[in-house]
Novice: 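Below you will find the structure I want to go over with you.
Heavy atoms only: backbone and side chains are in, while hydrogens, waters and symmetry mates are out. Letters A, B, ... are given to chains in the order of the sequence lines, protein chains preceding strands, and every chain is numbered from 1.
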Amino acid sequence: MRCHLRWSKAFIPTLKEDPAEAEMQSHRLMLRSGMVRQLAAGVYEYLPLGWRVLLKVMQIVREEMNRAGAQEVFLPALSPAEIWQETGRWDDFGDEMFRLKDRKKRDYALCPTHEEIITDLARAKVRSYRDLPQNWYQMQVKFRDEPRPRSGVLRVRHFIMKDAYSLDRDQAGLDASYQAMYDAYHRIFTRCGLKFFVVGASSGLMGGSGSQEFMVASPSGEDSCAVCPGCGYAANLEVARSMRKVPSYPGDQLTEVATPEKRTIEEVAYFLRVPASRLFKSLLYMVEDRPVFALVRGDDELNEPKFQAAVGSGNFRPATPEEVLRITGAPVGFISPVGLEGVRVLADRSLQGAEGMVSGANRDHAHYAGISLERDVRVEKYVDLRMARQGEACPECGRPLDVTPAIELGHIFKLGTKYSQALKANFVDEDGTEKPLIMGSYGIGIERLAACIIEQSHDQSGIVWPLAVAPYQVVISQLGGPGTEAAKVSAQLYQELQDARYEVLLDDRDERPGFKFKDADLVGVPIRVNVGEKGLKEGLVEIKLRKDGQLFKVRPEEVRRKVQELTSVEMWPLKQQ
RNA sequence: CGGGGCGUGGCGCAGUUGGUAGCGCGCUUGCUUUGGGAGCAAGAAGCCCCCAGUUCGAGUCUGGGCGCCCCGACCA
């Protein structure tokens with residue numbers, strides 16, 4: 001992507017003042033440096049500088065995907081409703097899917113993701129195990145009508161995703177395809193100069209043997225991750241396990257106690273003078289319209305993704321107060337599975353064998369004490385249902401876990417056969433039988449990736465681009481108007497650095513030096529060459545590094561060699577090419 | 001979808017008891033300046049988010065919309 005530009009001709013609308021709407025640093029700096037402009041909530045325009053950064057990022061992604069054996073395609077963003085109806089996601093996506101009609105009044109969707117499209121392609125063209133494995137990827141705009149776009153470019157309604165899909169004949173093939181993507185993602189984020197970590201993530205309903213997310217720690221992150229500083233265990237809180245000390249209480253007879261107006265855990269615990277951990281929460285959910293109890297200790301929170309995995313259905317919701325009354329005979333706050341027949345009960349592992357517990361009596365203003373889970377509750381199974389917390393013991397090594405907010409940059413997924421079965425994407429295996437394709441899917445949010453780089457690499461003055469993704473590698477600050485020695489030397493260096501295949505911005509604007517320095521720092525070009533009369537009197541120009549302010553004074557004819565020296569190490573963090 | 005905040009030149013904001021709009025930055029022109037966002041002078045630029053109402057008169061008051069931001073819910 002060779003490119004060079006005179007700043008006087010460039011469209012780089014920088015802002016001296018902070019835009020009011022920007023809270024995150026990356027958002028603020030993208031707006032101030034003239035990378036983007038907002039058109040509507042969650043809809044951004046990429047201006048020349050911003051687009052150059054995205055192109056750089058996409059090129060890195062492309063090179064690493066190709067290296068991993070994936071093949072680039074370009075699929076439509078517009079798709080007919082029928083294909084979504086086949087998998088049921090025309091309904092499942094609900095309001096999040098942008099929908100429209102064509103002139104014949106046929107329904108279409110703007111694709112929020114491309115599993116359906118890919119699988120349809122595969123069923124049409126992949127016939128034999130000899131055609132496998134395949135991995136197809138694209139960089140394409142995804143449309144999602146988010147209920148609340150936010151954080152600048154981090155959660156938006158249309159964004160570029162690199163999405164890849166692997167097709168394999170068996171589980172071993174999927175494992176290999178998945179591993180290749182895992183390695184590619186490592187290389188991509190490393191080349192982008194990011195500090196990141198990988199966590200185990202929720203497979204939810206997708207089935208298969210799991211998924212992992214590539215995360216960047218950030219206070220603005222929408223995900224929370226449990227990370228063990230000791231052994232490296234890391235998991236999205238949706239699936240994170242932890243060990244807690246479970247107190248035990250002496251067994252007792254089941255007795256009903258009056259608890260007038262005591263509805264919450266705190267109220268009941270205080271009223272009965274027992275710790276919250278001695279209570280258990282009886283949470284009633286409707287799973288496919290049938291009631292299911294989820295039990296966790298009073299001082300724990302139910303983790304809904306874990307509950308979803310345990311019941312094996314995504315079609316669930318908390319029961320309404322009316323349903324609670326109808327099913328248990330008591331209002332919310334006084335219910336439990338004790339003495340109730342015909343309602344499935346799932347309990348958290350920490351309740352296994354618990355004695356002397358307190359929960360609702362299924363009567364207004366009354367609770368049971370002395371509950372024995374074994375004796376009094378018909379628990380279908382004990383599973384991990386609770387939310388892990390900061391400071392609890394790592395399930396692998398026992399050290400205290402950190403819980404940290406993070407931004408999800410990439411997600412790799414063993415899909416299995418969910419889509420191939422729904423769309424009948426089969427192949428004929430070696431033994432002549434027809435089998436569904438085993439699929440994986442792998443996504444990276446491109447704009448999010450660029451924003452995360454800024455989050456991790458900026459200072460008071462502006463962005464500090466890593467060389468690999470900088471919109472330009474070198475800016476020449478020409479400190480003197482037309483006809484001066486500075487202008488002459490600047491023009492020479494401009495040409496010379498272009499010839500050496502650098503991307504160079506020549507700041508030939510009619511502005512004062514300080515103005516140019518501020519702009520260059522804001523925009524974050526890694527290397528600045530100052531060409532001014534002051535230095536030229538001694539026959540020297542300055543090379544200044546954006547990241548640490550290091551200053552080198554060299555003769556103009558040495559600039560090229562010095563720039564090469566300064567860029568060689570950082571340019572290719574993986575020592576390739 | 002709940003809660004909060006905000007809509008006034010391109011950007012950031014002010015606007016008193018209701019009397020027909022102002023500041024800083026930016027922009028245009030000229031002069032002076034020129035190593036960390038220069039100074040002076042002269043300009044241009046506003047459907048005060050929209051609609052209805054109250055009023056002699058609304059940026060300002062009332063009602064209803066719409067848009068944007070933040071917190072939460074949600075997030076294949």
Novice: Restricting to pairs with a member in residues 446-460 of chain A, which pass salt bridge (Lys or Arg N to Asp or Glu O under 4.0 Å), not counting sequence neighbours?
Specialist: D459(A)-R546(A)

Novice: Quick check on contacts: within residues 512-525 of chain A, what sits under 4.0 Å from RNA chain B by heavy-atom distance?
Specialist: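 By residue number: R512(A), P513(A), G514(A), F515(A), F517(A), K518(A), D519(A), D521(A), L522(A).
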
Novice: Atom CG of D95(A) to atom P of rA73(B): distance rounded to whole Å?
Specialist: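 In whole Å, rA73(B) P lies 19 Å from D95(A) CG.
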
Novice: Between rG24(B) and E17(A), counting only base atoms on the nucleotide and side-chain atoms on the residue, is there a donor-acceptor pair under 3.5 Å?
Specialist: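 Pair found.
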
Novice: Could I get the full list of ring-ring contact (aromatic ring centres under 6.0 Å, His included) partners for Y108(A), not counting sequence neighbours?
Specialist: none

Novice: With a 3.5 Å distance limit and no angle check, can you tell me whether W136(A) reaches the backbone of A122(A) through a side-chain donor-acceptor pair?
Specialist: no

Novice: Rounding to the closest angstrom, what is the interatomic distance between rG19(B) and rG30(B) at atom P?
Specialist: 41 Å

Novice: If you check the R150(A) side chain, which of rC74(B), rG12(B), rG26(B) turns out closest?
Specialist: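 Among rC74(B), rG12(B), rG26(B), the one nearest the side chain of R150(A) is rC74(B).
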
Novice: Can you tell me how far P in rG63(B) sits from the matching atom in rG22(B), rounded to whole Å?
Specialist: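 30 Å, rounded to whole Å.
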
Novice: Which whole-number value in Å describes the distance from L237(A) CG to rC75(B) C1'?
Specialist: 16 Å

Novice: Could R528(A) and E542(A) be called an ion pair, given the rule that one side-chain N must be under 4.0 Å from one carboxylate O?
Specialist: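 A salt bridge is absent here (no side-chain N lies under 4.0 Å from a carboxylate O).
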
Novice: Considering heavy-atom distances to RNA chain B, does E96(A) or S461(A) have its closest nucleotide positioned more toward the 5' end?
Specialist: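 Residue closer to the 5' terminus by nearest nucleotide: S461(A).
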
Novice: Kindly indicate whether the side chain of K544(A) and the base of rG35(B) share any N or O donor-acceptor pair separated by less than 3.5 Å?
Specialist: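 Donor-acceptor pair under 3.5 Å: no.
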
Novice: Regarding R32(A), tell me which of base, sugar-phosphate or nothing describes its non-hydrogen contacts under 4.0 Å with the strands shown.
Specialist: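 Base contact.
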
Novice: For R28(A), give me all partners under side-chain hydrogen bond (donor to acceptor under 3.5 Å, both in side chains), at least two apart in sequence or on another chain.
Specialist: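 Applying side-chain hydrogen bond (donor to acceptor under 3.5 Å, both in side chains) to R28(A) gives D18(A), Q25(A).
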
Novice: Using a cut-off of 4.0 Å on non-hydrogen atoms, how would the nucleic acid contact of M161(A) be classed: base, sugar-phosphate, or nothing?
Specialist: base

Novice: Heavy atoms from C-beta onward define the side chain here; which of rC75(B), rG35(B), rG37(B) lies closest to that of E146(A)?
Specialist: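 The closest nucleotide is rC75(B).
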
Novice: Given the structure, check if the side chain of R148(A) and the base of rC1(B) hold any donor-acceptor pair shorter than 3.5 Å.
Specialist: no

Novice: Describe the nucleic acid contact of R317(A) in one word from base, sugar-phosphate, nothing, applying a heavy-atom distance below 4.0 Å.
Specialist: nothing

Novice: Just to verify, what does E485(A) make a side-chain hydrogen bond (donor to acceptor under 3.5 Å, both in side chains) with, not counting sequence neighbours?
Specialist: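 Testing E485(A) for side-chain hydrogen bond (donor to acceptor under 3.5 Å, both in side chains), a comparison that skips the adjacent residues, returns none.
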
Novice: Nucleotides 39-46 of chain B: which of its N/O atoms have a protein N/O under 3.5 Å away?
Specialist:
none

Novice: Measure from CG on L15(A) to C1' on rG24(B) and round the result to the nearest Å.
Specialist: 15 Å

Novice: When rounded to the nearest Å, what value does the distance between P atoms of rG64(B) and rG2(B) take?
Specialist: 15 Å

Novice: Using the C1' atom as the point on both nucleotides, what is the distance between rU16(B) and rC1(B), in whole Å?
Specialist: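 It works out to 39 Å between them.
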
Novice: Carefully, step by step, assess R555(A) and E557(A) under the rule salt bridge (Lys or Arg N to Asp or Glu O under 4.0 Å).
Specialist: CA-CA 5 Å; R555(A) 284 179 286 124; E557(A) 56 272 27; 2.8 Å; yes

Novice: Does R509(A) count as lying over the ring of W7(A), i.e. NZ or CZ under 6.0 Å from the six-ring centre, within 45 degrees of the axis?
Specialist: yes

Novice: Just the rounded figure in Å: distance from P of rG12(B) to CZ of R28(A).
Specialist: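 After rounding, the gap between these two atoms is 14 Å.
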
Novice: Suppose you measure atom P in rA45(B) against the same atom in rC40(B); what distance do you get, rounded to whole Å?
Specialist: 23 Å

Novice: For D163(A) and Q138(A), test the side chains for any donor-to-acceptor distance below 3.5 angstrom and give the result as yes or no.
Specialist: yes

Novice: For rA42(B) and rA14(B), measure between their P atoms and round to the nearest Å.
Specialist: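 Going atom to atom, P in each nucleotide, I get 28 Å.
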
Novice: Atom CG of L31(A) and atom C1' of rG10(B): how far apart are they, to the nearest Å?
Specialist: 14 Å

Novice: Please state whether the rings of F307(A) and F316(A) are parallel, tilted or perpendicular, taking 30° and 60° as the class boundaries.
Specialist: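 Rings of F307(A) and F316(A): perpendicular, as their planes differ by over 60°.
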
Novice: Between atom NZ in K16(A) and atom C1' in rG36(B), what is the gap in whole Å?
Specialist: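 After rounding, the gap between these two atoms is 12 Å.
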
Novice: Does a side-chain N-to-carboxylate-O contact under 4.0 Å join E511(A) and K516(A)?
Specialist: no

Novice: Taking the C1' atom in each of rA52(B) and rG10(B), what is the distance between them to the nearest angstrom?
Specialist: 31 Å

Novice: Among residues 34-42 of chain A, which residues get a heavy atom nearer than 4.0 Å to RNA chain B?
Specialist: Q38(A), A40(A), A41(A)

Novice: For G535(A), report the nucleic acid contact type (base, sugar-phosphate, nothing); a contact means any heavy atom under 4.0 Å.
Specialist: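 If one applies the 4.0 Å heavy-atom cut-off, G535(A) turns out to touch a base.
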
Novice: Is the F189(A) ring parallel, tilted or perpendicular to the Y185(A) ring (thresholds 30°, 60°)?
Specialist: perpendicular

Novice: Run E301(A) and R389(A) through salt bridge (Lys or Arg N to Asp or Glu O under 4.0 Å) and show every step you take.
Specialist: CA-CA 9 Å; E301(A) 292 294 323; R389(A) 277 185 304 226; over 6 Å; no

Novice: For S220(A), answer base if it contacts any base atom (sugar-phosphate contacts may also be present), sugar-phosphate if it contacts only those atoms, and nothing otherwise; contact means non-hydrogen atoms under 4.0 Å.
Specialist: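 S220(A): no heavy atom of the nucleic acid under 4.0 Å.
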
Novice: Polar atoms only, N or O, under 3.5 Å: list the protein pairs with nucleotides 21-23 of chain B and their distances.
Specialist:
none

Novice: If I take atom CD in residue E301(A) and atom P in nucleotide rA73(B), what distance separates them, rounded to the nearest angstrom?
Specialist: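 One finds 11 Å between P of rA73(B) and CD of E301(A), rounded.
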
Novice: With a 4.0 Å cut-off on heavy atoms, is K142(A) in touch with a base, just the backbone sugar-phosphate, or nothing at all?
Specialist: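 Answer is nothing: K142(A) stays at 4.0 Å or more from every strand.
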
Novice: Can you tell me if T87(A) and Y419(A) form a side-chain donor-acceptor pair at under 3.5 Å?
Specialist: no

Novice: Output the pairing pattern of RNA chain B as a dot-bracket string, 5' first, Watson-Crick or G-U wobble with both distances under 3.5 Å, | for cross-strand pairs, [ ] for crossing pairs.
Specialist: (((((((..((((.....[..)))).((((((.....)))))).....(((((..]....))))))))))))....

Novice: Answer yes if the side chains of E213(A) and N236(A) hold a donor-acceptor pair under 3.5 Å, and no otherwise.
Specialist: yes

Novice: Run the side-chain hydrogen bond (donor to acceptor under 3.5 Å, both in side chains) test against S490(A) and tell me which residues pass, sequence neighbours left out.
Specialist: none

Novice: In this structure, how many angstroms lie between the P atom of rG37(B) and the CG atom of L479(A), rounded?
Specialist: 13 Å

Novice: Check side-chain hydrogen bond (donor to acceptor under 3.5 Å, both in side chains) between E45(A) and all other residues, then give those that pass, not counting sequence neighbours.
Specialist: R37(A)

Novice: For a ring-ring contact (aromatic ring centres under 6.0 Å, His included) with F214(A), tell me which candidate from Y442(A), F413(A), F197(A), Y182(A) qualifies.
Specialist: Y182(A)

Novice: Rounding to an integer number of angstrom, what distance separates rG65(B) and rG9(B) when you compare their P atoms?
Specialist: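 It comes out at 24 Å once rounded to the nearest Å.
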
Novice: Return whichever of P147(A) or D18(A) has its heavy-atom-nearest nucleotide of RNA chain B closer to the 5' end.
Specialist: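 Checking each residue's closest nucleotide, the 5'-ward one belongs to D18(A).
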
Novice: Under the rule for ring-ring contact (aromatic ring centres under 6.0 Å, His included), what residues qualify as partners of F552(A), not counting sequence neighbours?
Specialist: none

